[in-house]
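In listed order, ligands and their atoms are each counted from 1.
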Amino acid sequence: MAHAKIPATVITGFLGAGKTTLIRHMLSNAGGKRIALIINEFGDLGVDGDVLRGCGAEACRDEDIVELTNGCICCTVADDFIPTMEKLLERDELPDHIVIETSGLALPQPLVNAFNWPGIKTRVTVDGVVTVVDSAAVAAGRFADDHDKLEAQRSEDESLDHESPLEELFEDQLTASDLIILNKADLVDAEALRAIRTDIGAHLKRQPAMIEAKNGEVAPEVLLGLGVGTEDDIANRKSHHELEHEGADHDHHHDHDEFDSFVVELGSLDNATDFIEGLKSVIARHDILRLKGFADIPGKPMRLVIQAVGARVDNYFDRPWKAGEARGTRLVVIGLHDFDQQAIRAEIAGLLG
Ligand SMILES: Nc1nc2c(ncn2[C@@H]2O[C@H](COP(=O)(O)OP(=O)(O)OP(=O)(O)O)[C@@H](O)[C@H]2O)c(=O)[nH]1
């Protein structure tokens, strides 16, 4: 008897939109489903995988979490993602469902296309692409292009064929989606949510369902089981990059060179409250897009998770430091490629007093 294909859900969305939070909620409510997770993130510190392991949900055991850290999943599909999937499919105990969290800077299109790879197409199908939107960031105009500024830049440099990298990515992630989650609904009012819906709808040819959520609280039955088979519809979801180079003999190279990241390592934080207040001003001064990691607070048995998305900084203790684990503070900082790494490093180190 032929086996049914394993459904795979792709979770995409810009940096800090709430992908990991959504997955954490899904795992805690999976109702006995065995879910394998493939997690990819931008930057050299695997924070998302570690946060998910820290939540100890039964649906996803440690061996079911695979991290792809060699770069952005859309650029390393052939070298990284396909071999990982093949290995997963060789296991004796196959998962009921596969969930893939892309990095916040990834284009979903090359990833979805990888499901047409011969060894994968017969075994797995894309159940759906779920795009998580940070409603607060959209309402604050983070993805809206400054068209006047862009025109001025274009008149100086004719080779510029791009919209702002943030706006393009945001649109490409929406273009690929089967379901849109307007997350962080707690941070905006009903009118702003309505405006976001209208605006997103106006940008899309297809009209995927949109649902509002806070803290990624969406029932797994809603997220999983869409049954779309997105890999067969990929031609209708082209990214800006693909559209620009359509027909041209062009290598579809996409290397996120508009963005950059680095890791800051520090000792322990004597005063976490002051440190976090200080971080807020460093983030604002340098327009840092995302900062996340773990901190060591002397005398505390638990490690502190620090999560910043734009100007908002959250922190919470997630789990005790393990015996033999090196305590310390490690933060990954992500921004546009021209941000001043040296100054940011110095200013963050300076917060320790
Ligand atoms: N207020 C509020 N905060 C949220 C919500 N969802 C997520 N967050 C917070 O937003 C921050 C980023 O959430 P993550 O789930 O890590 O976002 P992500 O999309 O996985 O981030 P990257 O992997 O870095 O792109 C965390 O501090 C979350 O607690 C929400 O609905 N409301």
Side-chain angles (χ1 to χ4, degrees), residues 9-28 37-55 57 65 67-69 71-74 99-108 129-140 142-143 166 169-170 173-174 177 180-189 192-193 196 210-218 223 256 259-263 276 279-280 283 288-295 304-318 330-335:
T9 296
V10 175
I11 313 271
T12 186
F14 194 69
L15 292 169
K19 300 175 290 297
T20 310
T21 308
L22 178 92
I23 292 172
R24 198 157 69 159
H25 181 271
M26 175 208 295
L27 295 177
S28 309
L37 269 184
I38 298 177
I39 301 176
N40 172 239
E41 63 184 305
F42 191 77
D44 296 328
L45 198 63
V47 177
D48 295 358
D50 226 35
V51 162
L52 286 168
R53 276 189 208 99
C55 84
I65 303 183
E67 284 174 273
L68 300 182
T69 50
C72 226
I73 200 164
C74 60
V99 171
I100 301 151
E101 178 183 351
T102 73
S103 98
L105 299 178
L107 297 181
V129 176
V130 175
T131 303
V132 185
V133 170
D134 180 338
S135 306
V138 179
R142 189 124 201 129
F143 306 107
L166 263 62
L169 246 176
F170 180 64
Q173 292 174 341
L174 289 168
S177 69
I180 296 171
I181 310 292
L182 302 178
N183 193 38
K184 305 199 186 180
D186 56 311
L187 298 179
V188 291
D189 59 23
L193 276 170
I196 294 170
M210 287 187 227
I211 52 179
E212 292 157 20
K214 68 172 179 19
N215 293 318
E217 290 164 9
V218 182
L223 292 173
H256 304 294
F259 301 93
D260 209 347
S261 79
F262 62 95
V263 175
I276 286 167
L279 265 187
K280 287 183 187 169
I283 288 168
I288 292 168
L289 295 171
R290 183 85 168 99
L291 181 153
K292 58 184 172 177
F294 307 102
L304 186 74
V305 178
I306 297 181
Q307 291 269 13
V309 182
R312 274 191 74 83
V313 186
D314 293 336
N315 64 93
Y316 61 94
F317 290 101
D318 79 325
R330 281 174 285 277
L331 303 168
V332 62
V333 186
I334 304 174

- Note on the structure: E101 heavy atoms within 4.0 Å reach ligand 1 at atoms 20 (O), 23 (O)

- Under a heavy-atom criterion of less than 4.0 Å, does G13 contact ligand 1? no

- Message: With a 4.0 Å cut-off on heavy atoms, is E217 in contact with ligand 1?
- Response: no

- Could you tell me the separation between the CZ atom of F42 and the CG atom of L15, rounded to the nearest 0.5 Å? 8.0 Å

- Item | Polar contact flag for L22 and ligand 1 (N/O pairs, less than 3.5 Å) | no

- Query: What protein heavy atom sits nearest atom 3 (N) of ligand 1, and how far off is it?
  - Reply: N215 OD1, 3.8 Å

- Item | For atom 20 (O) of ligand 1, closest protein heavy-atom neighbour | T20 OG1, 2.6 Å

- Query: Any idea which protein heavy atom is nearest atom 6 (N) of ligand 1, and the distance to it?
  - Reply: N183 ND2, 3.0 Å

- Which residue owns the protein heavy atom closest to atom 17 (O) of ligand 1, what's the atom, and how far is it? G18 N, 3.1 Å

- Query: How many angstroms lie between CG in L37 and OG1 in T9, if you round to the nearest 0.5 Å?
  - Reply: 10.5 Å

- D314: partners by salt bridge (charged side-chain N to carboxylate O under 4.0 Å, His left out), with sequence neighbours left out: R312

- Message: At under 4.0 Å between heavy atoms, is it the side chain or the backbone of K292 that contacts ligand 1, or both, or neither?
- Response: side chain

- Message: Between S177 and V130 (side chain of the first, backbone of the second, donor and acceptor by atom type, cut-off under 3.5 Å), is there such a pair?
- Response: no

- Query: Which heavy atom of the protein is the closest neighbour of atom 16 (O) of ligand 1, given with residue, atom name and distance?
  - Reply: R290 NH2, 3.1 Å

- Message: As an exercise, state the distance from CG of L105 to CZ of R290, rounded to the nearest 0.5 Å.
- Response: 10.5 Å

- Query: To the nearest 0.1 Å, how far is atom 14 (P) of ligand 1 from its closest protein heavy atom, and which atom is that?
  - Reply: T21 OG1, 3.5 Å

- Message: Looking at G216, is its backbone amide N or carbonyl O close enough to the side chain of T21 to form a donor-acceptor pair, meaning the two atoms are under 3.5 Å apart?
- Response: no

- Task: List for me each residue that meets salt bridge (charged side-chain N to carboxylate O under 4.0 Å, His left out) alongside K292, sequence neighbours excluded, and say none if there are none.
- Result: E41, D48

- Give the residue and atom name of whichever protein heavy atom lies nearest to atom 9 (C) of ligand 1, and the separation in Å to one decimal. D314 OD2, 3.5 Å

- Numbered atoms and elements of ligand 1 in range of V309, under 4.0 angstrom, heavy atoms: 11 (C), 12 (C)

- Dump the intermediate steps for side-chain contact (heavy atoms from CB on, under 4.5 Å) on V133 and L174, then the final yes or no. CA-CA 9 Å; V133 170; L174 289 168; 3.9 Å; yes

- Item | Element-labelled atoms of ligand 1 that are located less than 4.0 Å from some non-hydrogen atom of D48 | 23 (O)

- Select one of side chain, backbone, both or neither to describe which atoms of L187 lie under 4.0 Å from any atom of ligand 1, heavy atoms only. side chain

- Task: Determine whether the side chain, the backbone, both or neither of V47 has a heavy atom under 4.0 Å from any heavy atom of ligand 1.
- Result: neither

- Task: Spell out, as yes or no, whether a donor-acceptor pair under 3.5 Å connects the side chain of K19 to the backbone of F14.
- Result: yes

- Message: Test of understanding: given a 4.0 Å heavy-atom threshold, classify the contact between R24 and ligand 1 as side chain, backbone, both, or neither.
- Response: neither

- Quick one: CD1 on I73 to CG on L107, what's the gap to the nearest 0.5 Å? 12.0 Å

- Quick one: CG on L304 to CG on N315, what's the gap to the nearest 0.5 Å? 5.0 Å

- Distance in Å, N183 CG paired with K214 NZ, rounded so as to fall on 0.5 Å steps: 10.5 Å

- Message: Side chain, backbone, both or neither: which applies to D186 and ligand 1 if a contact is any heavy-atom pair less than 4.0 Å apart?
- Response: side chain

- Residue, atom name and distance, where the atom is the protein heavy atom closest to atom 18 (P) of ligand 1: K19 N, 3.4 Å

